[in-house]
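Contents: one structure, followed by commentary.
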Amino acid sequence: MKKIIDYLLVVVIFCALQSCSKDEPKHIDPERLSGEWFLTNIRGWEYDNDAHDKKYEFNETFNFNGQGIPVGSNTIDAQKVRFSVDSFDSESGSAQLTITSFYWSLYDQEWKFDDSGTITLKGDQLIDGTMKATIIKLTEANMTIYQKDEDGETYITYTKLSY
């Protein structure tokens with residue numbers, strides 16, 4: 001009888017674990033994204049050309065001082081983004097966010113406006129038209145976004161600096 005109970009327990013645990021699918025979207029509170037995020041790492045691969053015969057791998061790290069000023073050898077490519085929540089629909093669980101990007105001007109030694117647009121946050125997905133990216137890590141200070149398409153895959157890590 002004990003073996004039957006043990007067997008049933010294993011079946012119940014297995015079924016419970018199966019119901020926790022990785023594909024189920026996690027709900028991310030859009031307010032957790034609000035604020036300025038500094039690009040600290042971008043890594044992944046993409047195809048060299050349209051023939052998809054060679055992969056180009058990349059891994060770039062960016063550093064910032066306590067005032068949010070880029071330091072080190074990669075300052076020319078330094079970026080930051082600002083997320084702000086425009087609206088939240090509790091029924092669908094989706095939010096509209098404005099994302100504004102900035103680049104570091106070496107000449108002026110300051111952040112310059114680059115671009116602005118609206119994106120949708122649904123579950124853990126950032127959606128811009130047909131392009132989707134998944135937030136795979138989100139803490140108070142770090143966020144990693146993953147994106148895969150026919151041309152490659154990319155992991156982008158942002159850090160929220162407190163200065």
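Please read these numbers as outputs of a predicted model, since none were measured by experiment.
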Self-check item: Cluster check F38, L106: I/L/V/M/F/W/Y, side chain < 4.5 angstrom
Solution: yes
Quiz item: Would a hydrophobic clustering, with Ile, Leu, Val, Met, Phe, Trp and Tyr connected at side-chain separations under 4.5 Å, put I145 with I99?
Solution: yes
Self-check item: Test salt bridge (Lys or Arg N to Asp or Glu O under 4.0 Å) applied to D53 - qualifying residues, sequence neighbours left out
Solution: none
Quiz item: Do the side-chain N and O atoms of T134 and D124 include a donor-acceptor pair separated by under 3.5 angstrom?
Solution: no
Quiz prompt | Within-4.5 Å side-chain heavy-atom neighbours: V85 and L121 | solution = no
Quiz item: Is I136 isolated, or which residues cluster with it under the ILVMFWY side-chain rule of less than 4.5 Å, directly or via members?
Solution: Y146, Y155
Quiz prompt | Y158-I119 co-clustered via ILVMFWY side chain contacts under 4.5 Å | solution = yes
Quiz item: Going by the ring-ring contact (aromatic ring centres under 6.0 Å, His included) test, which pairs reach into residues 113-144, not counting sequence neighbours?
Solution: none
Quiz item: Taking atom CZ of F62 and atom NZ of K80, what is their separation to the nearest 0.5 Å?
Solution: 15.5 Å
Exercise. Could I get the full list of ring pair (Phe, Tyr, Trp, His ring centres under 6.0 Å) partners for F102, not counting sequence neighbours?
Key: none
Self-check item: Stepwise side chain to side chain contact (heavy atoms under 4.5 Å, CB included) test for W111 and W104
Solution: CA-CA 5 Å; W111 289 105; W104 181 253; 3.6 Å; yes
Self-check item: Separation of R43 CZ from E57 CD (nearest 0.5 Å)
Solution: 11.0 Å
Self-check item: Nearest-0.5 Å distance that lies between atom CD in Q109 and atom CD1 in I69
Solution: 8.0 Å
Quiz item: Given the rule in the side chain to side chain contact (heavy atoms under 4.5 Å, CB included) test, do N74 and T61 qualify, once you have shown the distances and angles that lead to the verdict?
Solution: CA-CA 8 Å; N74 252 356; T61 300; 5.7 Å; no
Quiz prompt | ILVMFWY cluster, V81 and Y103 together (side-chain gap under 4.5 Å) | solution = no
Quiz item: Going from CE on M143 to CD1 on I28, what distance comes out if it is rounded to the nearest 0.5 angstrom?
Solution: 9.0 Å
Quiz item: Linking I/L/V/M/F/W/Y whenever any side-chain heavy atoms sit under 4.5 Å apart, do M131 and I135 land together?
Solution: no
Self-check item: Which residues share a side-chain hydrogen bond (donor to acceptor under 3.5 Å, both in side chains) with D115, sequence neighbours left out
Solution: none
Quiz item: Nearest heavy-atom pair of F88 and A95: which atoms, and what distance?
Solution: CD1-CB, 3.8 Å
Quiz item: Is a donor on one side and an acceptor on the other found under 3.5 Å between the side chain of K160 and the backbone of S34?
Solution: yes
Quiz item: Is there a donor-acceptor pair under 3.5 Å between the side chain of N63 and the backbone N or O of P70?
Solution: no
Quiz item: Within a radius of less than 6.0 Å around CD of E110, do more than 12 heavy atoms belonging to other residues, nucleotides or ligands occur?
Solution: yes
Quiz item: So with a 6.0 Å cut-off around CZ of F58, is the heavy-atom count from everything else above 12?
Solution: yes
Self-check item: Donor-acceptor contact below 3.5 Å, side chain T157 vs main chain T40
Solution: no
Quiz prompt | Test log, rule side chain to side chain contact (heavy atoms under 4.5 Å, CB included), inputs D77 and I42 | solution = CA-CA 11 Å; D77 294 322; I42 184 167; over 6 Å; no
Quiz item: Looking at W37 and L138, what are the two nearest heavy atoms and their distance?
Solution: CH2-CD1, 4.0 Å
Quiz item: Is a donor on one side and an acceptor on the other found under 3.5 Å between the side chain of K122 and the backbone of S92?
Solution: yes
Practice problem: Calculate, to the nearest 0.5 Å, the distance between atoms CZ and CG belonging to R82 and L97 respectively. | Solution: 14.0 Å
Quiz item: Does any N or O in the side chain of T159 come within less than 3.5 Å of the main-chain N or O of L161, such that one atom is a donor and the other an acceptor?
Solution: no
Quiz item: Say you draw a straight line from CG of D48 to NZ of K55; how long is it, rounded to the nearest 0.5 Å?
Solution: 11.5 Å
Quiz item: Using a side-chain heavy atom cutoff under 4.5 Å and only I, L, V, M, F, W and Y, what cluster partners does W45 have?
Solution: Y47
